[in-house]
Enquirer: 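The structure's right below; bear with me while I get my questions together.
Just so we're on the same page: letters track the sequence lines, and every chain starts at 1.
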Number of protein chains: 2
Amino acid sequence: MTSTPLERAPRRHQTRQRARILEWLRTADSHPTAAQTHEALVRELPNLSLGTVYRNLEVLVSEGLIDEVASAGGGVRYDGNPKPHHHFICDACGAIDDLHLQAPPELARKLRRARGRTARRIRIDFYGLCEACELHDSNAGTAS
Amino acid sequence: MTSTPLERAPRRHQTRQRARILEWLRTADSHPTAAQTHEALVRELPNLSLGTVYRNLEVLVSEGLIDEVASAGGGVRYDGNPKPHHHFICDACGAIDDLHLQAPPELARKLRRARGRTARRIRIDFYGLCEACELHDSNAGTAS
DNA sequence: ATTTCTGCAAAAATTTTGCACCTTG
DNA sequence: CAAGGTGCAAAATTTTTGCAGAAAT
């Protein structure tokens with residue numbers, strides 16, 4: 001038996017720090033890193049420590065209130081929108097945008113046919129150039 | 001002007017280290033981290049340094065020979081299969097499996113309609129339980 | 001009162017770099 | 001021999017932890 005040693009879920013206390021982190025992530029348009037989250041909130045909570053931010057992000061993820069988004073380059077980013085959605089990621093500037101479109105049910109079927117597995121959740125990442133970068137950028141096919 | 005200062009691509013030399021890293025990644029069934037790659041190869045290349053592995057992975061990515069896969073938890077992983085494909089990720093054990101199915105063209109259309117952007121590349125991640133974990137695991141709806 | 005949380009600082013873990021010396025072309 | 005590459009070690013980052021005191025329930 002690989003017994004999980006009877007782990008009771010702790011009763012969470014409500015703290016200003018955690019509340020603000022969640023609230024801020026919800027309104028953030030980008031998908032911030034732990035450091036960016038700390039940076040943004042340290043103005044109004046001057047003693048907020050990075051450790052506290054890390055610990056709270058972990059709690060919020062485990063409670064399903066936010067999502068972890070693994071971003072290329074290795075950093076973890078956080079997404080204040082826990083509803084299933086997809087992402088458009090700019091190849092040039094790395095910006096991540098939420099897309100609230102629905103995954104075609106066909107995909108789940110394809111998976112089942114290919115592997116016999118059932119998908120609980122499907123996440124689609126679209127890569128391309130965001131509007132700003134597309135304009136900004138003429139050297140798209142020119143390079144040698 | 002944000003001039004790219006006329007950067008000439010270096011002529012790469014062929015080295016045993018780089019060759020073996022690429023070759024090993026191609027046959028690897030998992031999606032290894034830099035550390036795992038080093039660990040696996042240090043037997044046959046006893047002086048192989050981690051720094052070299054990092055530098056070569058970066059080169060191989062930039063040449064499009066391998067892919068970076070950002071995995072939750074923050075670590076970067078590498079995928080020796082540069083052809084576009086998708087992933088099935090086990091919620092329980094974290095294993096990542098390649099899926100060689102084709103994204104429905106409908107998706108690109110949806111993106112265009114929703115955002116007016118064009119997708120160069122679409123990556124789909126399916127989350128669920130792999131076969132081993134599904135069997136292994138009876139406590140799926142039982143938890144309080 | 002008891003449990004959970006915070007801030008701070010130290011410790012780990014991960015990734016990047018500088019540099020002297022080898023290798024490839 | 002010139003351009004790249006390697007190994008090693010130090011430095012820079014990023015994330016995790018231990019602890020004593022503070023807050024929440």
Enquirer: Between B:D98 and B:H31, does a side-chain hydrogen bond (donor to acceptor under 3.5 Å, both in side chains) hold up when you go through it step by step?
Expert: CA-CA 9 Å; B:D98 287 351; B:H31 294 71; 2.8 Å; yes
Enquirer: Are A:V76 and A:L25 linked, directly or through intermediate hydrophobic residues, by side-chain heavy-atom contacts shorter than 4.5 Å (ILVMFWY only)?
Expert: yes
Enquirer: Write down the distance between NE2 (B:H38) and P (C:dT15), rounded to a whole number of angstrom.
Expert: 14 Å
Enquirer: So which atom in A:L50 and which in A:A35 form the shortest heavy-atom distance, rounded to 0.1 Å?
Expert: CD2-CA, 4.3 Å
Enquirer: Measure from CZ on B:R18 to P on C:dG25 and round the result to the nearest Å.
Expert: 10 Å
Enquirer: For residues A:L48 and A:V53, report the shortest heavy-atom separation together with the two atoms involved.
Expert: CD2-CG2, 3.8 Å
Enquirer: Which whole-number value in Å describes the distance from A:E58 CD to D:dT14 P?
Expert: 19 Å
Enquirer: Using atom CD of A:E39 as one end and atom C1' of D:dT14 as the other, report the distance to the nearest whole Å.
Expert: 14 Å
Enquirer: Can you say whether a donor on the side chain of A:R55 sits under 3.5 Å from an acceptor on the base of C:dG7, or the other way round?
Expert: yes
Enquirer: Might you point out which heavy atoms bring B:Q17 and B:L45 nearest each other, and give the distance in Å?
Expert: CA-CD1, 4.1 Å
Enquirer: Identify whether B:W24 and B:L57 are in the same connected component of the hydrophobic contact network (ILVMFWY, side-chain heavy atoms under 4.5 Å).
Expert: yes
Enquirer: CZ of B:R20 versus P of D:dG7: gap in Å, rounded?
Expert: 14 Å
Enquirer: Quick one: B:L57 CG to C:dT16 P, roughly how many Å, whole number?
Expert: 10 Å
Enquirer: In terms of side-chain geometry, is the basic nitrogen of B:D79 or B:R26 positioned less than 4.0 Å from the acidic oxygen of its partner?
Expert: no
Enquirer: Near B:E44 CD, under 6.0 Å, is it more than 12 heavy atoms from other residues, nucleotides or ligands?
Expert: yes
Enquirer: Over how many whole Å does the gap from B:Q17 atom CD to D:dG4 atom C1' extend?
Expert: 12 Å
Enquirer: Can you tell me the distance, in whole Å, between the CG atom of A:L45 and the P atom of C:dC5?
Expert: 16 Å
Enquirer: Other residues, nucleotides and ligands only: do more than 12 of their heavy atoms fall within 6.0 Å of CD on B:E131?
Expert: no
Enquirer: Using the six-membered ring of B:Y127, assess whether NZ or CZ of A:R120 lies under 6.0 Å from its centre and within 45 degrees of the ring axis.
Expert: no
Enquirer: Contact list please: residues 46-54 of chain B against DNA chain D, heavy atoms, distance less than 4.0 Å, in numerical order.
Expert: B:N47, B:L48, B:S49, B:T52
Enquirer: I want to check one thing: is the phosphate of C:dG25, taken as OP1 and OP2, less than 4.0 Å away from some side-chain N or O of B:R11?
Expert: no
Enquirer: What does nucleotides 20-25 of chain D look like as a protein-contact string, B for base, S for sugar-phosphate only, - for none, at under 4.0 angstrom between heavy atoms?
Expert: ----BS
Enquirer: Using five base pairs at each end to define the local axes, how bent is the helix from C:dA1-D:dT25 to C:dG25-D:dC1, to the nearest 10°?
Expert: 40°
Enquirer: Evaluate whether atom CD of B:Q102 has more than 12 neighbouring non-hydrogen atoms of other residues, nucleotides or ligands under 6.0 angstrom away.
Expert: no
